[in-house]
Amino acid sequence: MASMDISSILQGGYQHPVSRSWQGRRALTKSMFMYPIFITDDPNASVLIPSLPGQHRWGVNKLVEFLGPLVKKGLSSVILFGVPLNCVKDGRGSPADDENGPVIQAIKVIRANFPNLYIACDVCLCEYTDHGHCGYLNEDGTIHTEPSVQRIAQVSVNYAKAGAHCVAPSDMMDGRIKAIKRGLIDAGFGNKVTLMSYSAKFASSLYGPFRDAAGSAPSFGDRKCYQLPPTAKGLARRAIAKEPDIIMVKPALPYLDIIADAAQLAPDHPLACYQLKTMAFESVESMVRAGATLILTYFTPDFLEWLS
C-alpha cells in the first residue's frame, strides 16, 4: 500500500454506510416508482399474466382492493394500460377512449377512492385497432401519420377530461407531442395535465411479455418503421430534443447510455425509464446512476417493501 499513489485509494471514501450514501448523486425513494397496471374490460377480472410473473390483468371492480394496501405502503403513482378483450376493434382504435372502456372507468374509480394517487395513462392505439398497429393505415399497410397523430391527441384529451394527471404517448408517431400539447391547451388542460412522452422507444425484443399482457401484438409486420432502431443513438438524441414535460427511454437497461444522453440534453426535465428486467436493485440503481428520476417497473410493490 505504501507504494500506491494516493489517487488510487478510493475505498476510504465509502467504507461506512453513511459515507457510501454520499457517493451517489441520487438515492432511491418510493416516489420514484410508478407501477404499470393492466386494466381489462371484464370488470371483475383478476387474471394472472403468465409472461409477467406476479402481474395481473385487473377489472375496475378489483382495483380498490388491489391498490389499497399498496397506497398504504407508499405507492404514489400508477400508469394504466388498457387491455380490451371483449370490445369490437376497428381501424381507428375507437375503444381507446370509450367512456365505458377500461381506462376511463379505471381513472374514475381511482380518483374517487385514492385522490392523492397520481394517474398516468398510456396513450396508443395498438391495443384497440383491428390491425394492432399504433395508428391509421394507408392502403399499402404503412402508417398514415397525420390522422394517427390527431387521433392520439384526441384520446389524450379524453383521458385528461376523465381525470388523468398525465398522458404518456407510446406510439412514436412523428408530430404527436405538438398535437397533444395543442389539444390539451385548447381543452383547458395545458397547465393541469403532464405529457410524459416515450421520447426514445426502441424496437426491442424485450417487449414480448408486455405485448402478451396488453394483447397488442400487430396482426402483420412489425413496428420497426416507427420505433427506433437499436443502434440509432443519434436518432434517439434527436427524438429526446422534442418538448414533452417528462422524457422516457424504453427499454431501460440496454439503453443506459441513452438515459445518460437524455439527462445531459434535457437536464431540467424529469427523466423516466421503463424497467423490463428482473435484476431489481442492481438494475434500478444503474438507471438512477445514468440519470433517471422516475422508474416504471413491475417491481414497484417490492420496492415499497424494500424501501420501508
Side-chain angles (χ1 to χ4, degrees), residues 24-36 75-81 117-124 149 152-153 155-157 159-160 164-187 189-202 204 226-228 232-276 283-297 300 303:
R25 295 189 177 182
R26 298 176 180 87
L28 286 176
T29 62
K30 292 182 180 182
S31 65
M32 295 176 73
F33 291 93
M34 178 178 281
Y35 193 22
L75 180 67
S76 60
S77 65
V78 295
I79 181 167
L80 306 181
F81 294 88
L117 189 61
Y118 188 90
I119 306 168
C121 293
D122 175 76
V123 181
C124 197
V149 164
I152 288 161
V155 173
S156 299
V157 170
Y159 287 167
H165 302 101
C166 173
V167 292
S170 59
D171 54 284
M172 289 299 289
M173 295 294 115
D174 284 338
R176 92 265 211 225
I177 302 302
K178 181 178 179 181
I180 294 170
K181 273 286 192 183
R182 184 75 264 163
L184 291 173
I185 291 168
D186 290 348
F189 295 99
N191 61 347
K192 298 176 182 177
V193 173
T194 302
L195 173 53
M196 177 169 65
S197 170
Y198 288 62
S199 305
K201 183 179 181 180
F202 289 85
S204 172
Y226 42 98
Q227 293 179 356
L228 299 178
K233 187 179 180 77
L235 270 177
R237 291 175 65 91
R238 288 162 60 190
I240 288 164
K242 297 175 183 178
E243 292 297 331
D245 301 310
I246 300 176
I247 293 164
M248 191 197 302
V249 175
K250 182 179 181 180
L253 196 58
Y255 298 96
L256 292 181
D257 58 324
I258 306 300
I259 296 174
D261 282 352
Q264 180 186 51
L265 290 167
D268 299 324
H269 285 62
L271 174 57
C273 61
Y274 206 119
Q275 202 261 30
L276 294 165
S283 64
V284 164
E285 286 169 344
S286 71
M287 297 164 199
V288 173
R289 192 175 65 246
T293 55
L294 177 62
I295 301 161
L296 288 68
T297 177
T300 294
F303 277 105

Working to the nearest 0.5 Å, report the span between [atom1] of [X] and [atom2] of [Y].
X: S77; Y: F33; atom1: OG; atom2: CZ; answer: 10.5 Å
X: L75; Y: S31; atom1: CG; atom2: OG; answer: 11.0 Å
X: C273; Y: Y255; atom1: SG; atom2: OH; answer: 14.0 Å
X: I246; Y: T293; atom1: CD1; atom2: OG1; answer: 7.5 Å
X: K30; Y: F303; atom1: NZ; atom2: CZ; answer: 12.5 Å
X: I259; Y: M248; atom1: CD1; atom2: CE; answer: 11.0 Å

Looking at [X] and [Y], what are the two nearest heavy atoms and their distance?
X: L117; Y: S76; result: CD1-C, 3.4 Å
X: S199; Y: I247; result: OG-CG2, 3.6 Å
X: A263; Y: G291; result: CB-CA, 4.1 Å
X: V167; Y: Y159; result: CG1-CB, 4.2 Å
X: A164; Y: V193; result: O-CG2, 3.6 Å
X: A153; Y: A179; result: CB-O, 3.6 Å

Check against side chain to side chain contact (heavy atoms under 4.5 Å, CB included), T300 and V78: CA-CA 10 Å; T300 294; V78 295; over 6 Å; no
Walk me through whether L28 and V284 qualify under side chain to side chain contact (heavy atoms under 4.5 Å, CB included). CA-CA 9 Å; L28 286 176; V284 164; 3.4 Å; yes
Below 4.5 Å, heavy atoms only, C-beta onward: do [X] and [Y] meet side chain to side chain?
X: L256; Y: M287; result: yes
X: F202; Y: I258; result: yes
X: L228; Y: M172; result: yes
X: L294; Y: M34; result: yes
X: K181; Y: D245; result: yes
X: I177; Y: L195; result: yes
X: S283; Y: Q275; result: yes
X: V123; Y: R176; result: no

Run the side-chain hydrogen bond (donor to acceptor under 3.5 Å, both in side chains) check on S170 and D122 step by step: do they pass? CA-CA 7 Å; S170 59; D122 175 76; 2.7 Å; yes
Using the side chain to side chain contact (heavy atoms under 4.5 Å, CB included) rule, take S286 and L253 through it: C-alpha gap first, then chi angles, then the decisive distance, then the call. CA-CA 8 Å; S286 71; L253 196 58; 3.4 Å; yes
Test side chain to side chain contact (heavy atoms under 4.5 Å, CB included) on M196 and I79 and set out the steps. CA-CA 11 Å; M196 177 169 65; I79 181 167; 4.3 Å; yes
Would R237 and D257 count as a salt bridge (Lys or Arg N to Asp or Glu O under 4.0 Å) if you check the C-alpha gap in whole Å, the side-chain angles of each, and the deciding distance to 0.1 Å? CA-CA 11 Å; R237 291 175 65 91; D257 58 324; over 6 Å; no
S156 (side chain) donor-acceptor with I180 (main chain) under 3.5 angstrom: no
Tell me whether the rings of H165 and Y118 are parallel (<30°), tilted (30 to 60°) or perpendicular (>60°). parallel
